[in-house]
There are 2 protein chains.
Amino acid sequence: MIEESSLIDFGAEKKFYAKEEYIFKQNQPALFYFQIASGEVKMNNYQPDGKEFIQAIFSAPRSFGEPPLFADIVYPANAMATQRSYIWRLPKSAFYNLLRQEPETHLKVSQAIAKRLHYKALMAAELAQQSPENRILKILDYLKFEVNHIVTPFGYKTDLTRQNIADLTGLRVETVIRTLKELEQKNEVKIINRKVYR
Amino acid sequence: MIEESSLIDFGAEKKFYAKEEYIFKQNQPALFYFQIASGEVKMNNYQPDGKEFIQAIFSAPRSFGEPPLFADIVYPANAMATQRSYIWRLPKSAFYNLLRQEPETHLKVSQAIAKRLHYKALMAAELAQQSPENRILKILDYLKFEVNHIVTPFGYKTDLTRQNIADLTGLRVETVIRTLKELEQKNEVKIINRKVYR
DNA sequence: AAACACTTATGATTACAGTCATAAATTAGT
DNA sequence: ACTAATTTATGACTGTAATCATAAGTGTTT
């Protein structure tokens with residue numbers, strides 16, 4: 001996450017995206033550094049059968065889509081605003097200038113990518129194994145501890161829908177609904193009028 | 001990947017690891033930057049049921065295990081030498097000095113992490129969906145195109161065993177064996193005396 | 001207030017990867 | 001050269017998540 005003052009100094013513009021509007025699409029090369037000023041962004045893929053896979057959901061002040069700025073690769077997923085959002089957009093060349101002139105900022109960017117990679121590695125291990133219970137708990141725990149920094153039991157109320165959880169874990173809605181009920185039986189989550197607490 | 005001259009300048013040592021020797025273990029904090037001089041390293045997790053999941057397999061001159069050097073996180077997986085290997089080991093503080101004094105090297109490191117994240121995102125989308133065929137082809141194509149830069153049809157002969165593929169994709173050996181045969185029927189791979197070509 | 005869309009829910013059935021058992025072929029170790 | 005270990009292979013059976021069908025509850029829009 002880069003300071004707004006730096007973003008402004010190097011010529012970033014704050015651009016508005018309507019709900020459901022694409023910020024970039026899979027397989028495109030990167031032209032900008034993006035950082036959320038307000039709103040929410042999801043990165044996703046669509047499988048051959050049309051099923052959605054959500055890579056991640058980001059909110060302010062997080063950046064996203066950096067990898068193709070560094071390496072000669074294309075976006076591995078789409079990015080779409082899930083709500084009306086304002087997003088800082090800094091052209092690639094200006095981004096490079098910024099990194100060169102502000103080594104500490106470069107470190108922060110590296111840090112952000114490192115965290116993302118860490119999350120992906122954790123999730124990959126969970127996705128590879130079969131158990132729906134573990135997949136779902138991993139996502140909830142990640143959001144609880146790593147993103148929201150909550151430690152009290154059942155202190156985290158998720159705003160993900162069952163369908164969201166399904167799309168994040170690669171499961172089906174029905175399976176998520178059923179597994180959440182089993183997890184409630186096992187006292188791993190609480191469900192209070194349809195809201196999931198972890 | 002950092003130049004050996006830089007590594008030496010900043011006090012790295014080239015350490016020997018025997019086959020099967022651990023370089024670091026899951027949940028440990030990072031103390032060193034690692035870069036393979038020779039040999040091969042795999043990063044893996046063990047599931048609750050003892051099943052192995054291979055996060056990645058690296059060979060010279062690649063670096064690995066950088067994320068916890070940048071962010072306040074622990075290793076998400078174990079790293080183990082799969083063969084007798086020599087590995088450059090640079091203490092964290094020296095690594096930071098190097099990044100500060102050689103911005104171009106910092107960029108290269110960012111690039112390496114970016115590529116890894118890209119691969120993880122691609123694989124996550126495949127792992128989340130069910131089809132064994134796609135999981136296997138994704139791994140093979142990644143190794144063919146991204147790692148070995150081969151473009152000719154069936155020009156890539158993998159040295160992964162069926163078990164390796166199973167551990168990389170989260171499938172079972174039997175499923176990999178059967179799926180590979182189906183893929184051969186569909187002319188997606190060739191199998192010439194047990195070796196898989198893609 | 002009505003209409004519509006979305007989310008949660010449940011039951012029945014199916015498909016398919018996992019599991020288990022066993023063995024042949026190949027490679028590595030002494 | 002012989003033994004042991006690993007890798008590849010196949011068949012039979014099982015378990016479980018996906019699929020399909022249907023509906024109730026909740027929220028949003030006009």
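Since we're looking at a predicted model, the values are computed, not measured. Numbers restart at 1 for each chain; the letters A, B, ... are given by sequence-line order, proteins then strands.
Toward the 5′ end of DNA chain D lies the nearest nucleotide of B:Val173, the other residue of the pair B:Val173 and A:Gly170 mapping further downstream. Taking the nucleotide of DNA chain C with the nearest heavy atom to each of B:Pro132 and B:Lys19, the more 5' of the two is matched to B:Pro132.
Atom-to-atom, CD1 of B:Ile177 to C1' of D:dG11 comes out at 13 Å; the value is rounded to the nearest Å. Rounded to an integer number of Å, the gap from A:Arg172 CZ to D:dC20 P is 9 Å. Rounded to whole Å, atom C1' of C:dA24 lies 15 Å from atom CD of B:Glu174. One can place CZ of A:Arg194 at 12 Å from C1' of C:dT10, the figure rounded to the nearest angstrom. Whole-Å rounding puts the B:Asp159 CG to D:dT7 P distance at 13 Å. Atom-to-atom, CG of A:Leu171 to C1' of D:dT16 comes out at 12 Å; the value is rounded to the nearest Å. Counting to the nearest Å, the P atom of D:dA9 and the NZ atom of B:Lys195 are 11 Å from each other. Between B:Glu184 atom CD and D:dT8 atom P the separation is 14 Å, expressed in whole Å.
Using cut-offs of 30° and 60° for the angle between ring planes, the A:Phe64 and A:Phe34 rings count as parallel. Between A:Phe70 and A:Phe95, the ring planes are perpendicular. Angles over 60° get that label, and only those under 30° would be called parallel.
Residue B:Gln55 forms a side-chain contact (heavy atoms from CB on, under 4.5 Å) with just one option from B:Met123, B:Arg116, B:Met43, and that option is B:Met43.
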* Decide yes or no on salt bridge (Lys or Arg N to Asp or Glu O under 4.0 Å) for B:Glu188 and B:Arg198, but give the supporting numbers first. => CA-CA 7 Å; B:Glu188 294 287 350; B:Arg198 169 67 176 171; 3.1 Å; yes

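For B:Lys181 and D:dT10, the shortest distance from a side-chain N or O to OP1 or OP2 is below 4.0 Å. Here A:Arg178 does not reach the OP1 or OP2 of D:dA17: none of its side-chain N or O atoms lies under 4.0 Å away. Put simply, A:Arg162 has a side-chain N or O that comes within less than 4.0 Å of OP1 or OP2 on C:dT8.
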